[in-house]
Amino acid sequence: MSFQSNKMDTFGYFWLVILATLGAINSSRADLQLNFYAKTCPKAETIVQDYVHEHIPNAPSVAAALIRMHFHDCFVRGCDASILLNSTSSSGNQTEKAATPNQTVRGFNFIDRVKSLVEAECPGVVSCADIIALVARDSIVVTGGPFWRVPTGRRDGLISNASEALANIPAPFFNFTSLQTFFANKGLDLKDLVLLSGAHTVGIAHCSAFSSRLYNFSGILGNQDPSLDSEYAANLKAKKCKTINDTTTIVEMDPGSFRTFDLSYYRLLLKRRGLFQSDAALTTSSTTLSYINELLQGSRQDFYKEFALSMEKMGRIDVKTGSSGEIRKHCAFVNS
Ligand code: HEM
Ligand SMILES: *[C@@H]1O[C@H](CO)[C@@H](O)[C@H](O)[C@H]1NC(C)=O
Ligand SMILES: *[C@@H]1O[C@H](CO)[C@@H](O)[C@H](O)[C@H]1NC(C)=O
Ligand SMILES: *[C@@H]1O[C@H](CO)[C@@H](O)[C@H](O)[C@H]1NC(C)=O
Ligand SMILES: *[C@@H]1O[C@H](CO)[C@@H](O)[C@H](O)[C@H]1NC(C)=O
Ligand SMILES: *[C@@H]1O[C@H](CO)[C@@H](O)[C@H](O)[C@H]1NC(C)=O
Ligand SMILES: *[C@@H]1O[C@H](CO)[C@@H](O)[C@H](O)[C@H]1NC(C)=O
Ligand SMILES: CC(=O)N[C@H]1CO[C@H](CO)[C@@H](O)[C@@H]1O
């Protein structure tokens with residue numbers, strides 16, 4: 001009898017350990033939640049929202065930069081604010097910020113100011129990664145796009161590596177296949193690719209992101225990308241990107257409504273006026289082309305709903321939750 005009960009105890013203990021271990025794994029992999037800071041920092045989301053609503057109207061161009069920042073953060077090591085870490089002279093390693101795709105990312109100071117307001121309210125509670133996600137959503141709202149409830153509870157990463165940014169962020173010269181692969185690597189499908197590219201309805205690009213389409217297509221000097229509307233190309237060459245080496249001039253990606261979050265980006269794609277090869281590439285697959293047509297046949301509200309769902313999906317890429325990572329005190333540095 002005693003042997004039997006002993007065996008039972010051992011068995012029971014075994015399961016207890018298993019369950020406890022599963023619980024621990026579960027808590028470090030906990031899911032994001034709506035209003036994660038309800039108890040620990042109830043004003044957090046309002047502070048972020050108020051700051052965005054108050055300051056973006058004075059500097060509308062930063063809205064687009066902040067939307068893009070969330071994308072670049074999520075595609076490298078997950079949405080963990082690794083994009084915000086500064087390279088330190090002591091470690092000698094270059095962080096994501098230093099990588100080519102990030103050289104045109106702006107808005108770091110904006111995030112720092114939001115973070116300091118949130119820190120003043122509840123020190124050490126709200127992650128920089130959640131701040132980026134909330135600021136991106138609020139920036140979309142301010143430019144006229146959809147509001148959706150952003151799940152929170154992301155924690156900040158400890159590592160940032162410039163070469164990983166290069167390896168994970170799609171480039172403007174990518175073709176359809178490469179775009180599909182890079183998105184699939186992050187668990188995003190072709191629908192997400194079309195919808196999220198729709199963020200190019202706001203913001204600007206530097207000539208260097210697409211001047212090869214005007215002057216050096218396929219590496220042949222003097223060649224122009226035949227898939228780019230020739231009238232638009234001529235206009236860009238005459239008025240904007242006057243030389244192949246122009247690295248400073250900026251161009252509206254959705255001319256005429258580059259501060260408004262609407263469907264016009266997709267209309268431009270069908271007119272062969274998408275600015276990057278990666279934009280034009282969305283019309284080269286029948287799957288994505290028919291999805292673009294569907295979006296244009298639907299209402300702006302339909303697009304908003306679908307876009308918000310894809311943004312939420314992007315915002316969940318490889319998030320750190322529970323006890324992994326940390327809550328940074330200053331977004332540019334890991335806690336010492
Ligand atoms: C599909 C692959 C994508 C490629 C190849 C790409 C590439 C680029 C490039 C090269 C720029 C111009 C940067 C500059 O020259 O200043 C840009 C701007 C921008 N991108 Fe993308 N992007 C992609 C997807 C996305 C996604 C998924 C989002 C967000 C959901 C996004 C949001 C933006 C925004 C808002 C801007 C304007 C930034 C500003 O005004 O500073 N992009 N993108
Ligand atoms: C981090 O680096 C950026 C430039 O990459 C610089 O503007 C900023 O001042 C730095 N932040 C801090 C807190 O040193
Ligand atoms: C810099 O590199 C060292 C050594 O590989 C690593 O321990 C550290 O986490 C890196 N720092 C950042 C910010 O990635
Ligand atoms: C950064 O990532 C690259 C490519 O994965 C790797 O070779 C390199 O060692 C990493 N650098 C640091 C400092 O960890
Ligand atoms: C797309 O680009 C990749 C990488 O440059 C290349 O290997 C592939 O052949 C290209 N695909 C098409 C269909 O052009
Ligand atoms: C034209 O494209 C080729 C291939 O990408 C590149 O090697 C060359 O440097 C480019 N020429 C100029 C002037 O940018
Ligand atoms: C552009 O840069 C290339 C190589 O860097 C140089 O050979 C060429 O003369 C420059 N072209 C113009 C128009 O400035
Ligand atoms: C914001 C930021 O850190 N930008 C950097 C991007 O990379 C270039 C070149 O590596 C740096 O000069 C910028 O400061």
Side-chain angles (χ1 to χ4, degrees), residues 72-78 80-105 156-186 188-190 193-194 197 205-228 233 236-237 240-249 251 269 272 274-290 292 317-318 320 324-326 328 332-336:
H72 282 210
D73 183 32
C74 293
F75 265 57
V76 191
R77 293 194 163 266
D80 70 344
S82 52
I83 189 172
L84 299 179
L85 289 174
N86 270 18
S87 307
T88 55
S89 43
S90 59
S91 73
N93 35 13
Q94 292 279 296
T95 57
E96 290 165 29
K97 259 186 192 178
T100 313
N102 283 343
Q103 289 176 15
T104 47
V105 174
D156 299 324
L158 305 175
I159 296 169
S160 179
N161 178 337
S163 45
E164 291 176 354
L166 264 184
N168 289 282
I169 296 172
F173 51 80
F174 271 17
N175 60 26
F176 175 76
T177 321
S178 303
L179 289 171
Q180 181 175 28
T181 306
F182 271 54
F183 272 64
N185 287 345
K186 303 296 161 188
L188 299 174
D189 59 24
L190 290 178
L193 171 63
V194 170
S197 295
H206 291 75
C207 291
S208 35
F210 58 89
S211 59
S212 64
R213 299 186 82 191
L214 304 174
Y215 296 107
N216 191 18
F217 190 63
S218 304
I220 301 163
L221 213 53
N223 226 18
Q224 188 171 303
D225 185 346
S227 74
L228 180 63
L236 286 169
K237 285 159 94 166
K240 297 281 182 181
C241 313
K242 295 181 185 166
T243 69
I244 189 172
N245 295 335
D246 183 335
T247 54
T248 52
T249 306
V251 174
L269 292 187
R272 309 197 311 150
L275 199 50
F276 307 143
Q277 274 160 272
S278 63
D279 297 317
L282 302 179
T283 64
T284 65
S285 127
S286 58
T287 310
T288 48
L289 179 60
S290 65
I292 291 167
I317 297 173
D318 292 339
K320 299 175 175 66
S324 52
E326 64 179 11
R328 262 179 235 154
F333 304 102
V334 296
N335 297 340
S336 48

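This is a predicted model, so every value here is computed, not measured. When a ligand or atom number is given, it counts from 1 through the structure's own listing order.
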* Asked: Between the main-chain N or O of D318 and the side-chain N or O of R77, is there a donor-acceptor pair closer than 3.5 Å?
  -> no
* To do: With sequence neighbours excluded, tell me which residues meet ring-ring contact (aromatic ring centres under 6.0 Å, His included) with F183.
  => F75
* Sequence neighbours excluded, which residues qualify as ring-ring contact (aromatic ring centres under 6.0 Å, His included) partners of F173? -> none
* Once the angle between the rings of F174 and F182 is folded into 0 to 90°, is it parallel (under 30°), tilted (30 to 60°) or perpendicular (over 60°)? -> perpendicular
* Can you sort out which atoms of ligand 6 are near G219, meaning under 4.0 Å from one of its heavy atoms? => 2 (O), 3 (C), 4 (C)
* Does an N or O from N245, backbone or side chain, lie closer than 3.5 Å to an N or O of ligand 6? -> no
* Give the protein residues with at least one non-hydrogen atom closer than 4.0 Å to an atom of ligand 5, ordered by chain and number. => N175, T177, S178
* List every atom of ligand 6 that sits less than 4.0 Å from any heavy atom of I244, numbering the atoms from 1 in the order shown and giving each element. => 12 (C), 13 (C), 14 (O)
* Considering only heavy atoms of N216, which atoms of ligand 6 have at least one such atom less than 4.0 Å away? -> 1 (C), 2 (O), 3 (C), 8 (C), 10 (C), 11 (N), 12 (C), 14 (O)
* Which salt bridge (charged side-chain N to carboxylate O under 4.0 Å, His left out) pairs, counting each pair once, include a residue from residues 275-286, with sequence neighbours left out? -> none
* Asked: Side chain of S87, backbone of T95: donor and acceptor closer than 3.5 Å?
  -> yes
* Residue pair K186 / N168, side-chain heavy-atom distance below 4.5 Å -> yes
* Go through ligand 4 atom by atom and flag the ones less than 4.0 Å from a non-hydrogen atom of S163. => 1 (C), 2 (O), 3 (C), 4 (C)
* Asked: Does V194 reach the side chain of T287, with side-chain heavy atoms less than 4.5 Å apart?
  -> no
